[in-house]
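Worksheet: the structure to be examined is printed underneath.
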Amino acid sequence: MKPYSNIAELIETLESEKQLLTEQIAILKSEPQSFNEQVIFKYIDTCSTGKTKDFVRSLGVKSERGSFFSSGDVSKLIKGGADDISPELLAIARKVASMKNKNGKHR
């Protein structure tokens, strides 16, 4: 929470945070609109590029290079994004990755 100088400012900050959380929850409740979004949802669910890679491999999907999908491919997708991933979903995935890198295991 950011610093505030009075109760009205605190309420405004909390209302803003509440709105953002409500929007993020709605995004996470939605269905993936593309394969890449499905990969991002799996990453958010597991907080693991390795588990996400295993999920993609289990579907028989290969990387753009034509080889098996790797953890690096998952990281690249999170960092670089793709045209078929909503910016809001990508922002959540990046936040998860940032929290994991900062604090170690997220859960």
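Every pair passing salt bridge (charged side-chain N to carboxylate O under 4.0 Å, His left out) that includes a residue from residues 65-85 is listed here, sequence neighbours excluded: R65-D73.
Counting all heavy atoms, side chain and backbone alike, I40 lies closest to I78 at CD1-CG1, 3.9 Å.
With values rounded to the nearest 0.5 angstrom, E17 atom CD is found 10.5 Å from Q24 atom CD. I25 CD1 to L20 CG: the interatomic distance, rounded to the nearest 0.5 Å, is 10.0 Å. Atom CD1 in I44 sits 11.5 Å away from atom NZ in K95 (nearest 0.5 Å). Between the CG atom of L14 and the OH atom of Y4 there is a distance of 8.5 Å, given to the nearest 0.5 Å. Separating the CG atom in L28 from the CD atom in E88 is a distance of 11.5 Å, to the nearest 0.5 Å. Here the CG atom belonging to L59 is positioned 11.0 Å from the CG atom belonging to D54, to the nearest 0.5 angstrom.
V56 and F68 end up in different hydrophobic clusters when Ile, Leu, Val, Met, Phe, Trp and Tyr side chains are linked at under 4.5 Å.
Between N6 and E9 there is a side-chain heavy-atom pair separated by less than 4.5 Å. Between F55 and Q38 there is a side-chain heavy-atom pair separated by less than 4.5 Å. Side-chain contact between Y43 and S75: absent, with no pair of heavy atoms (C-beta onward) separated by less than 4.5 Å. E37 has its side chain within reach of S86: a pair of non-hydrogen atoms, C-beta onward, lies under 4.5 Å apart. In this structure the side chain of K18 never reaches within 4.5 angstrom of the side chain of L21, judged on heavy atoms. Using a 4.5 Å cut-off on side-chain heavy atoms (C-beta onward), L77 and I85 make contact.
Between the side chain of T46 and the main chain of K42, a donor-acceptor pair closer than 3.5 Å is present.
Around the CD atom of E12, the shell of radius 6.0 Å holds no more than 12 heavy atoms that belong to other residues, nucleotides or ligands.
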Check against side chain to side chain donor-acceptor pair (under 3.5 Å), Q19 and E15: CA-CA 6 Å; Q19 177 63 31; E15 288 288 345; over 6 Å; no
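The cationic group of K62 does not satisfy the cation-pi geometry with F69, failing either the under 6.0 Å distance to the six-membered ring centre or the 45° limit from the ring axis.
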